[in-house]
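Report on the structure given below.
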Number of protein chains: 2
Amino acid sequence: MTRQRAAIIKVMRENCGHFTAEEIFLMAQKEYPSIVRATIYNNLNNMVEEGLVRRICQSGQPDRFDRNPMPHEHIICTLCGAVEDISLSDFKNRLSAEIGCEVEDYELVIHCKCSDCRKNKN
Amino acid sequence: MTRQRAAIIKVMRENCGHFTAEEIFLMAQKEYPSIVRATIYNNLNNMVEEGLVRRICQSGQPDRFDRNPMPHEHIICTLCGAVEDISLSDFKNRLSAEIGCEVEDYELVIHCKCSDCRKNKN
DNA sequence: AAAGTTATTATAATCATTCTAAAGTAATTT
DNA sequence: AAATTACTTTAGAATGATTATAATAACTTT
């Protein structure tokens with residue numbers, strides 16, 4: 001546990017959301033001004049491997065990183081582009097049963113209107 | 001419909017699979033030697049917009065393009081890395097019902113052992 | 001056939017991410 | 001506590017997929 005890693009964990013805990021490495025870099029700089037982008041990438045990659053952080057990948061855009069430790073899905077709003085969390089209970093097990101093979105991991109990204117945009121429409 | 005676009009469609013029809021833009025470029029070159037990468041990207045982007053082709057995006061790897069017009073899911077093998085198709089019937093409607101909002105599109109990528117690797121293990 | 005639109009080409013640019021090598025820090029052994 | 005080893009960070013360059021730009025070519029419409 002280095003100071004740099006602690007700074008990254010701190011800013012991700014205090015600012016919950018789906019951030020790009022660049023956004024995390026800018027936040028971590030306030031905690032630890034001399035930190036460098038490669039350190040952000042190294043730590044985020046490690047954290048993804050350790051299962052502390054999830055990676056959300058969209059074509060043509062930088063990866064986003066999500067601290068939420070509970071398995072959950074992501075909605076990308078077709079109106080405003082926001083990334084929203086949603087949880088489908090027991091999805092991994094249901095999926096394993098359906099395909100007849102143990103799912104080790106999965107990513108489900110749903111494109112629909114986010115809850116804010118649905119509210120505003122009414 | 002240009003000759004270049006026809007060449008791209010032809011090689012994707014004759015070589016069914018999940019190809020990177022680079023792989024499609026190399027195949028299309030055999031049909032139309034003067035074709036250029038930008039044309040491949042332009043056409044693939046258009047085809048994705050038109051719904052003729054699906055884009056599969058994995059972090060750290062180039063996007064892959066998949067001609068299969070039926071909605072389907074992708075398995076990425078945790079042993080050999082191959083991309084395999086799988087179809088979950090009526091998944092989009094089931095998903096819409098579950099989240100209480102009309103799903104416009106979705107991507108489901110499953111990490112587990114592909115059917116070849118499961119066979120070979122036995 | 002001229003004018004206008006759209007696609008292709010060649011090339012350069014972008015930008016997220018990784019690599020390399022050196023220096024620093026932490027952990028472990030003596 | 002000093003010495004050795006392993007790991008992390010840093011700075012900066014490199015990579016590589018993809019897009020932008022500007023010029024040319026190929027269709028379409030009048």
- Task: Measure the distance from CZ on A:Arg37 to P on D:dA13 and round it to the nearest whole Å.
- Result: 14 Å

- When rounded to whole Å, the CZ to P distance for the pair B:Phe25 and D:dG16 reads 16 Å

- Protein-nucleotide distance (A:Leu44, atom CG; D:dT9, atom C1'), rounded to Å: 15 Å

- Do B:Met12 and B:Val53 come within less than 4.5 Å of each other through their side chains, counting heavy atoms only? yes

- N/O (side chain, A:Asn43) to phosphate O (OP1/OP2, D:dT9) under 4.0 Å: yes

- Message: Regarding B:Ser34, tell me which of base, sugar-phosphate or nothing describes its non-hydrogen contacts under 4.0 Å with the strands shown.
- Response: sugar-phosphate

- Atom pair distance, as rounded to whole Å: OH in B:Tyr41 and C1' in D:dT18: 5 Å

- Is there a donor in the side chain of A:Glu73 and an acceptor in the side chain of A:Tyr106, or the other way round, less than 3.5 Å apart? yes

- Task: Looking only at side-chain atoms of B:Asp63, point me to the closest of D:dT8, D:dT10, D:dT18.
- Result: D:dT18

- Have B:Asn45 and B:Arg55 got a donor and an acceptor in their side chains that come within less than 3.5 Å? yes

- Query: Roughly, in whole Å, what's the span from CZ in A:Arg3 to P in D:dC7?
  - Reply: 21 Å

- Message: Is the shortest side-chain heavy-atom distance between B:Met27 and B:Asn15 below 4.5 Å?
- Response: yes

- A:Arg5 side-chain proximity, nearest of D:dC27, D:dT9, D:dA17: D:dT9

- Relative to the 5' end of DNA chain C, which residue comes earlier, B:Ile35 or B:Ser59, by the nucleotide with the nearest heavy atom? B:Ile35

- Query: Under 4.0 Å: is that the gap between some side-chain N or O of A:Gln4 and OP1 or OP2 of D:dT10?
  - Reply: yes

- Heavy atoms under 4.0 Å, any strand shown: does B:Tyr32 hit a base, just sugar-phosphate, or nothing? sugar-phosphate

- Message: Strictly below 4.0 Å: does A:Thr2 bring a side-chain N or O up to OP1 or OP2 of D:dT9?
- Response: yes

- Query: Quick one: does B:Val83's side chain get under 4.5 Å of B:Ile75's, heavy atoms only?
  - Reply: no

- To the nearest angstrom, the CE-C1' distance between A:Met1 and D:dC7 comes to 14 Å

- Query: Got a salt bridge between B:Arg94 and A:Glu98, using NZ or NE/NH1/NH2 to carboxylate O under 4.0 Å?
  - Reply: yes

- Just how far, in rounded Å, is P of D:dA17 from CG of B:Asn42? 17 Å

- Query: Taking 5' to 3' order, which nucleotide of DNA chain C is first and which is last to have an atom within less than 4.0 Å of a heavy atom in chain A?
  - Reply: C:dA16 to C:dC19

- A:Thr39 and A:Gln4: side-chain donor and acceptor closer than 3.5 Å? no

- Have a look at B:Asn46 and say if it touches a base, only the backbone sugar-phosphate, or nothing, with a 4.0 Å heavy-atom cut-off. nothing

